[in-house]
Student: 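Structure below; questions to follow.
Whatever order the structure lists ligands and atoms in, that order sets their numbers, starting from 1.
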Amino acid sequence: MSVKSNLQIARSAYKPKLPTALQGPVKSIEGAATESVGNQSEIKELFPNTYGMPVVEFAKGDSKTFPQFNVGIILSGGQAPGGHNVISGLYDGVKSLNPNNKLYGFLMGPGGLVDHKYMEITPALIDEYRNTGGFDIIGSGRTKLEEVDQFEKGIEILRELSIRALVIIGGDDSNTNACVLAEYYAAKKYGVQVIGCPKTIDGDLKNSQIETSFGFDTACKTYSELIGNIERDCNSARKYWHFIKVMGRSASHIALECALQTQPNICLISEEVEAKEQSLDDIVSYIAGIVAKRAENGNNFGTVIIPEGLIEFVPAIKKLIAELNDVLATPEAQAVSRDEQIDFVKSHLSSANLAVFNSLPAGVARQLALDRDPHGNVQVSLIETEKLLSEMVGKKLAEMKKDGKFVGKFSAQHHFFGYEGRCAAPSNFDADYCYSLGYNASRLIVEGKTGYMSVIRNTTAPASEWIAGGVPITMMMNLEKRNGKMKPVIRKALVELDGAPFKYFAANRDEWAVETAYVYPGSIQYWGPSEVCDQPTKTLKLEHNK
Ligand code: FBP
């Protein structure tokens, strides 16, 4: 029998808050026809049945009765705090429409749909998981749902279980796949709706309609607690520079939010590195310069936050990765054995990219050349950028010492915070937000929507004032190159250098570099004063001028 912690027991009684509009029967208010964010004619041609649909907002409506229906749910991709609350919100939502409705969970991600592995979500099961972190209720996976065979295998089980709608909880790639599936089922008139839910700790699934992806809040608060603890240790011992890499495969939202919360001496932002066309040497010189400046004041310690995706944003390395992706996508590359792949890749790179490839430490070059996730992304979480940078900074400082430009000591510690935060018990924000997203999805289903993402807005206001509705997924799409081919994908939201969060950081970072201006956020609190328990991220507040 599993034993629960006292916190888990107390937390299971928490009743997530819902927007007022969802607390009872709803009516939907539809806006004007929409357009995709880019490549409008191509996206329209690819999605003839789901393109151009209006944005939908829910308001209080009249009570109605609904015939019984069943719903399926899939957790896709990396874990994010609050996934269980999306499921409990959806469960409560579909039961509120008709108590005989059933919710089925497909096991271990989209693969569960294809392989017909599922379980019914029962009242006892859902009660075990309310307000808990993790995706373990049904498991998650990264199978890419994109082949007609998979869609056809899916419809077999959806029909067998009389499932009317499938909810896919995922990031940009998984929601792109949800949209492709929605379009396919609509084109075939299979009568199954597909609804997406914006998940990812990375925070890069946001746009004019989606304010934040769920899990970002809790993950950032968890990492910020740990970074604050390290800062305090570092300010106590005064002998180490801590190089802390934080997750976020591509965008630097997590690094930036953690910096806003903890005020480290240095935080690198990948998007700025790219915009300023910085080389690895430029980055190393910047860090070494700050280490030297602090040493002049007798401060041989500090903290550096490094976004996980940094290496991909260094322009020379980005060019190399783009060519590697093209080379690896060819049938010849796929026929080559893994042992021979590095030699194959080297013999197919242009001379400029080969020079960059050869200049990288062997382990980093190997990671860039070989390991891809099923969506074709470089697995940046496996690249030890924090060690690479501290080693290079150490070398630079040794040279500076010879020239009398560095007078201190440099000793580094390394950390990588990623998995530590992805399954944390959701903060009040994520618990409420996720529950609302799931509950809201049930309303999109009875409104007959497909190819929509469940969306909750106005999230810097109290939950009762949140705005609930749906946005057509095609509206967020454009064409991008993936695995060597142009594909319709949801546009990833990177850190905007003219956005308020980055501007605030940039205006303060020089002071934080030299001063020891650390902030210690402490652990997530679930009970207590609202300014401690119910605050959204600093990113969200700055973006909304709060
Ligand atoms: P999602 O985009 O699927 O939410 O996952 C994001 C992420 O947590 C990244 O931050 C990280 O690079 C990656 O997953 C790690 O993947 P894995 O869980 O497969 O190790």
Student: Taking N or O atoms only and a 3.5 Å limit, does Arg422 qualify as a polar contact for ligand 1?
Tutor: yes
Student: Show the atoms of ligand 1 that are less than 4.0 angstrom away from any heavy atom in Lys199.
Tutor: 1 (P), 3 (O), 4 (O)
Student: If the test is salt bridge (Lys or Arg N to Asp or Glu O under 4.0 Å), which one of Arg249, Lys199, Arg482 qualifies with Asp173?
Tutor: Arg482
Student: Over 60° means perpendicular and under 30° means parallel, so tell me whether His84 and Phe135 are parallel, tilted or perpendicular.
Tutor: tilted
Student: Is the centre of the Tyr184 ring less than 6.0 Å from the centre of the Phe151 ring?
Tutor: yes
Student: From atom 5 (O) of ligand 1, work out which of Glu308, Gln79, Arg142 has a heavy atom at the shortest distance.
Tutor: Arg142
Student: We want to know whether Arg491 and Asn478 form a side-chain donor-acceptor pair, criterion being a heavy-atom distance below 3.5 angstrom.
Tutor: yes
Student: Under 4.0 angstrom from ligand 1, any heavy atom of Ala80?
Tutor: no
Student: At less than 4.0 angstrom from any non-hydrogen atom of Asp202, what atoms of ligand 1 do you find?
Tutor: 6 (C), 7 (C), 9 (C), 10 (O)
Student: Within a distance under 4.0 Å of any heavy atom of Gly78, pick out the atoms of ligand 1 and give their elements.
Tutor: 1 (P), 3 (O), 4 (O), 5 (O)
Student: With a cut-off of under 6.0 Å to the ring centre and 45° to the axis, is Lys318 in cation-pi contact with Phe313?
Tutor: yes
Student: To check you understand the geometry: which heavy-atom pair defines the closest contact between Ile490 and Asp172, and what is its length?
Tutor: CD1-O, 3.6 Å
Student: Which ligand 1 atoms are under 4.0 Å away from a heavy-atom of Gly248?
Tutor: 10 (O)
Student: Relative to ligand 1, is Thr200 under 4.0 angstrom through side chain, backbone, both or neither, heavy atoms considered?
Tutor: both
Student: Compute whether any side-chain donor of one residue and acceptor of the other, for Glu146 and Gln150, lie under 3.5 angstrom apart.
Tutor: no
Student: Answer with yes or no whether Gly77 contacts ligand 1, where contact means a heavy atom under 4.0 Å from a ligand atom.
Tutor: yes
